[in-house]
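Read through the structure below, which is laid out as structure tokens, and then see the notes.
The model shown is predicted, which means the values in this text are computed figures rather than measured ones.
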Amino acid sequence: MAKAVKTAITPTRQADYPEWYQQVISASEMAERSPVRGCMVIKPWGYALWENIQFQMDERFKETGVRNAYFPLFIPLHFLEKEAEHVEGFAKECAVVTHHRLEQSGDGLVPGGELTEPLVVRPTSETIIGDSFAKWVSSYRDLPLLINQWANVVRWEMRTRLFLRTSEFLWQEGHTAHATAEEATERTKMMLDVYADIAENYLAIPVIKGRKSALERFPGAVDTLCIEAMMQDRKALQAGTSHFLGQNFAKASNIKFQTDQEGEAFAWTTSWGTSTRLVGGLIMTHGDDDGVIMPPRIAPAQVVLLPIYRKPDERSAVMAYTAKLAADLRRIRYAGRRVTVEVDDRDIGGTRNWDWIKKGIPLRVEIGPRDIAADAVFVGRRDKTPRDKTSLARSAFLEGFTALLDEIQATLFQRASDLRDAHSRQIDDRSEFDRFFTPRNPDKPEIHGGFAHAHWCGEDACEERIKSDLSVTLRCLPLEGPKETGACICCGRSSERRAIFAKAY
RNA sequence: CGGGGCGUGGCGCAGUCUGGUAGCGCACCUGCUUUGGGAGCAGGGAGUCGCAGGUUCAAAUCCUGCCGCCCCGACCA
């Protein structure tokens, strides 16, 4: 029996996945709980990751003609009432502002100055943006209208988890208006493709593009497309959604225009969003028992330099060599930006090395007198084990730098894809389906299940039955799945295609 | 809203049953020694023990009330 390897994170993923997740966030200093229920403080290392996600997405959005704008945090209550399904979907989780002043009363402050109409803190902005769109659109020449906003939203959830579901979270919400249904549908798909591109090529998270069932659809939408990813505990995570809203919101907000045929018509709108939940997805897709693993193309920093010296006279030479290397690295461009280099010269021994492993930086480079003598650097890769380090000639390291990062990026994507494939199955038999989703130990469920590709007749009842029987939900109907006739996993009636079922976050 | 658990230095906890006025580990600060690795020794700073009442000579500890948080469930575009 091999000696148990000491891991930087306790417990391990295998021992207790949810607790591991919390510990990783804490150890990597990405975020922490705040004094406010369900809200988090995003720390610099976590925020830098979010900024990179923002940067990459924002570029893609703009390439498709979208422009950024900003709308109010507060939404008049009656705005939300305009779209029936929408109200029903969000009413339960709205934070509401009812007063505009605090007054001294006894020992403390109490709200005073009741508002004539309460304001809802936006849970999403369809209604308030719709109001502006109604003013901005009067002719077919004003269309399409392509707007995005980077903002925070509040949804008063019962149970929260850092990054995955917080009462307040950061996101982007795109809102577009079009003259035709075809064009709006096309935009819905286009933005889903942007999300899939960012998820796979930057976050190295393999995703399945699909369509939500009627039950899982966005309140008020005609059609909801999504990307679904599998985490290492084999649960599904919805990583982004893109909605075709038909004319529902245009009618609610009165977004009308004069057509080129001199007629009058309601616009066709879309909305699409991704949030800081992507950060949680990244952690759960790539993290290991030593902490986070940041994919190089989105990492807050690509490399950390760790100068090593004993005597004061060695220090100046090592620091000079380090500074020069840092400068050379910062001239390299990677994933559309300059390489970000961290230099950590804290004199705290090996702890320093482990700090960066836990943070998941792709490359750690040790620079000591011996390396300098050989004009070499000692390189550790985060996708390999902590002690697996290689000496590289300085010039070779610099020349091969981006290729090395690409290799790590590819490895991470491949690992995640392999895991997903290993736990995805076509299932046609209900008892096999049940076994797939039933843990051996019900008291302390082990990691089990995955993505079951099974036939579904299309009825709400079957979907609800499976949900109540097994806590398994219909994640999506894959867009790229082949047509294939079969029998519904629940009722046995005929089905034309497979859906993906999984336990989900 | 139901079931369970927990509030003690920055973090994690012991002490509570059997009242006697606060302790451990990590982190932090100082010094010395170490040094290609999550260092060792010595010294040090830091806590109205969730809040409010009550019992008592004496309350982190017993009693009452309140507040907050976590886990499970319900819920989750």
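Using a 4.0 Å heavy-atom distance criterion, A/Tyr505 is classed as making no nucleic acid contact. Heavy atoms of A/Pro386 sit nowhere under 4.0 angstrom from any nucleic acid atom. Nucleic acid contact class of A/Gly89 (heavy atoms, under 4.0 Å, all strands): none. When heavy atoms are screened at a 4.0 angstrom cut-off, A/Phe169 is found touching base atoms of the nucleic acid.
Taking atom CD1 on A/Ile308 and atom P on B/U35, their separation rounds to 14 Å, with Å as the unit. The nearest whole Å value for the distance from the CH2 atom in A/Trp171 to the P atom in B/C76 is 17 Å. The distance from atom CZ of A/Arg352 to atom P of B/G37 is 12 Å, rounded to the nearest whole Å. Computed from coordinates, the A/Glu29 CD to B/C11 P distance equals 15 Å when rounded to whole Å. B/C71 atom P lies 10 Å from atom CG of A/Leu162, rounded to whole Å. Rounded to whole angstrom, the span from the CD atom of A/Glu32 across to the P atom of B/C69 amounts to 17 Å. In this structure, A/Arg161 places its CZ atom 13 Å from C1' of B/C70, rounding to the nearest Å. A straight line from CD of A/Glu19 to C1' of B/G5 spans 14 Å, rounded to a whole angstrom.
Across all strands shown, B/G12 pairs with B/C24; the Watson-Crick or G-U wobble distances both stay below 3.5 Å. Nucleotide B/G53 forms a Watson-Crick or G-U wobble pair with B/C63, both donor-acceptor distances falling under 3.5 Å. Pairing of B/C76, defined by two Watson-Crick or G-U wobble distances under 3.5 Å, is not identified with any nucleotide. Here B/U30 sits opposite B/A42 as a Watson-Crick or G-U wobble pair (both hydrogen-bonding atom distances under 3.5 Å). Summarising the base pairing, B/U35 is matched to no nucleotide, lacking a Watson-Crick or G-U wobble pair whose two defining distances lie under 3.5 Å. Across all strands shown, B/C69 pairs with B/G5; the Watson-Crick or G-U wobble distances both stay below 3.5 Å.
Phosphate contact (OP1/OP2 of B/C70, side-chain N/O of A/Arg33, threshold under 4.0 Å): present.
Between the A/Asp290 side chain and the A/Ile9 main chain, no donor and acceptor come within less than 3.5 Å of each other.
Note on ring orientation: taking the six-membered ring where Trp is involved, the planes of A/Phe218 and A/His243 are parallel (angle under 30°, cut-offs 30° and 60°). Under the 30°/60° scheme for interplanar angles, the aromatic rings of A/Trp171 and A/Phe169 are found to stand perpendicular. Ring geometry for A/Trp150 versus A/Trp50: interplanar angle over 60°, hence perpendicular rather than tilted (30 to 60°).
Between the side chain of A/Asn353 and the base of B/G36 there is no donor-acceptor pair of N/O atoms closer than 3.5 Å.
A/Arg440 CZ: 12 or fewer foreign heavy atoms inside a 6.0 Å radius.
Sequence order on RNA chain B of the closest nucleotides to A/Phe218 and A/Arg159 puts A/Arg159 first from the 5' end.
With both ends at atom P, the span from B/A52 to B/U61 equals 13 Å, rounded to whole Å. Comparing B/A59 with B/G53, their P atoms sit 14 Å apart, to the nearest whole Å.
Screening A/Thr390, A/Asp328, A/Leu329 for a side chain to side chain contact (heavy atoms under 4.5 Å, CB included) involving A/Phe397 leaves a single residue, A/Leu329.
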